[in-house]
Chemist: 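Take this structure, written in structure tokens, and hold onto it; I'll ask about it next.
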Amino acid sequence: SDLHVCTGVMQEGDPLGIVPTVSSTVSMAIGDAIAVCLMHLKDLKKEEFALYHPGGVLGKQLLLSVDDLMSEAGELKKIDSFHEVLNTITSYRKGATTVVNDNGELEGIITDGDLRRTIERLGKEAFDVTAEEMMNAEPKFVKTGDRAIDVLTFMETEKISFLPILEGEKLIGCIHIHDLLKEGLK
């Protein structure tokens, strides 16, 4: 070796003085300091770092987008019946569904909670309403390309479990909080 780094460790921290406690901690600190210096010297960016650690939590947080995890969203029209809404929510197993116009643009969402509130409010008459009468016409959504970790943080902050994913105004899919959590992002 051309260089030697003397750590200055004269004694280990255990009672026998033989278990590598102090020396291992000092070695890690020196290794971390060298790594940080090299990151500065090489002007390493997050994206470059992620390329070397794509499968780990850090790599996933930096590289994974909602596009990688999204699934098909059940799409209804405003005129669809209560039964069609119920069947769509049940078949897609996301606890929610979307309402779109003829151009595939998001008009609203309907959650399990919206169904329950409609039944509570209208009783038997709930079965005669349309999707438009049940939907949240101002739903939160995310855009294609959004980082999965940012979407997870947003969902946790807003206390929501389902989000439509848009490209421009067009619905392209949906994401459920379980899709993000099972990736181990937190």
Chemist: From Met70 CE over to Ser65 OG, what is the distance, rounded to the nearest 0.5 angstrom?
Modeler: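 So the CE of Met70 and the OG of Ser65 are separated by 8.0 Å.
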Chemist: Per the salt bridge (Lys or Arg N to Asp or Glu O under 4.0 Å) rule, what does the pair list look like for residues 127-142, sequence neighbours excluded?
Modeler: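 Those involving residues 127-142 are Lys78-Glu132, Lys140-Glu158.
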Chemist: Considering residues, nucleotides and ligands other than Ile79, do more than 12 of their heavy atoms fall under 6.0 Å from its CD1?
Modeler: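 No - once you tally the heavy atoms of other residues, nucleotides and ligands closer than 6.0 Å, there are 12 at most.
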Chemist: Check for me, please, whether Ile109 and Ile119 land in the same ILVMFWY cluster - side-chain distances under 4.5 Å, paths through other members count.
Modeler: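 Different hydrophobic clusters.
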Chemist: Taking the six-membered ring for Trp, are Phe127 and Phe82 parallel (under 30°), tilted (30 to 60°) or perpendicular (over 60°)?
Modeler: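 Phe127 vs Phe82 ring planes: perpendicular.
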Chemist: Assess whether side-chain contact (heavy atoms from CB on, under 4.5 Å) is satisfied between Leu171 and Leu166, documenting all intermediate values.
Modeler: CA-CA 5 Å; Leu171 177 71; Leu166 305 183; 4.1 Å; yes
Chemist: Test Val22 against Gln11 for side-chain contact (heavy atoms from CB on, under 4.5 Å), laying out the working first.
Modeler: CA-CA 8 Å; Val22 176; Gln11 183 176 345; over 6 Å; no
Chemist: Let me see the working for Ser81 and Glu84 under side-chain contact (heavy atoms from CB on, under 4.5 Å), right down to the final yes or no.
Modeler: CA-CA 5 Å; Ser81 71; Glu84 289 170 294; 3.2 Å; yes
Chemist: Counting only heavy atoms not in Glu156, do more than 12 sit closer than 6.0 Å to its CD atom?
Modeler: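 Count over threshold, so yes.
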Chemist: Given 3.5 Å as the limit, does a donor-acceptor pair link the side chain of Glu12 with the main chain of Ser23, or not?
Modeler: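 Answer holds: yes.
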Chemist: Report yes or no: do Ile149 and Val151 belong to one cluster of Ile/Leu/Val/Met/Phe/Trp/Tyr joined by side chain heavy-atom distances under 4.5 Å?
Modeler: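 They do share one cluster, since a chain of ILVMFWY contacts under 4.5 Å joins Ile149 to Val151.
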Chemist: Is it the case that the side chain of Thr97 and the backbone of Gly74 share a donor-acceptor pair, with hydrogens and angles ignored and the cut-off at 3.5 Å?
Modeler: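 A pair under 3.5 Å: yes.
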Chemist: A side-chain contact here means heavy atoms from C-beta on lying under 4.5 Å apart; do Leu163 and Phe154 qualify?
Modeler: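 Heavy-atom side-chain distance check passes, below 4.5 Å.
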Chemist: Quick check: is Val26 connected to Val19 through a chain of hydrophobic side chains (ILVMFWY, heavy atoms under 4.5 Å apart)?
Modeler: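 As far as the 4.5 Å side-chain criterion goes, Val26 and Val19 are not connected within one cluster.
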Chemist: Just by distance, do the side chain of Asn103 and the backbone of Glu105 share a donor-acceptor pair under 3.5 Å?
Modeler: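 Flag not set: sc Asn103 to bb Glu105 has no pair under 3.5 Å.
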Chemist: For the side chain of Asp67 and the backbone of Gly145, is there at least one donor-acceptor N/O pair under 3.5 Å apart?
Modeler: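 Yes, the answer is positive, given that a donor and an acceptor are paired below the 3.5 Å cut-off.
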Chemist: One thing to verify: whether Asp114 and Arg117 come together as a salt bridge, which I'm taking to mean a side-chain N less than 4.0 angstrom from a carboxylate O.
Modeler: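 Between Asp114 and Arg117 there is a salt bridge, with a charged N closer than 4.0 Å to a carboxylate O.
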Chemist: Donor-acceptor pair, distance only, cut-off 3.5 Å: does the side chain of Glu107 make one with the backbone of Val99?
Modeler: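 No; zero donor-acceptor contacts below 3.5 Å.
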Chemist: Please determine which of Ile177, Ile175, Asp179, Thr88 meets the side chain to side chain contact (heavy atoms under 4.5 Å, CB included) test together with Lys94.
Modeler: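 Result: among Ile177, Ile175, Asp179, Thr88, Asp179 is the only option passing the side chain to side chain contact (heavy atoms under 4.5 Å, CB included) with Lys94.
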Chemist: Is a donor from one side chain sitting under 3.5 angstrom from an acceptor on the other, for Thr153 and Asp150?
Modeler: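 On atom types as modelled, these side chains do not qualify, holding no pair under 3.5 Å.
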Chemist: Donor-acceptor pair, distance only, cut-off 3.5 Å: does the side chain of Asp14 make one with the backbone of Ile18?
Modeler: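 The answer is yes, because a donor-acceptor pair under 3.5 Å joins these two groups.
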Chemist: State, yes or no, whether a side-chain contact exists between Lys77 and Asp102 at a heavy-atom distance under 4.5 Å.
Modeler: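 The answer is yes; the side chains approach within 4.5 Å.
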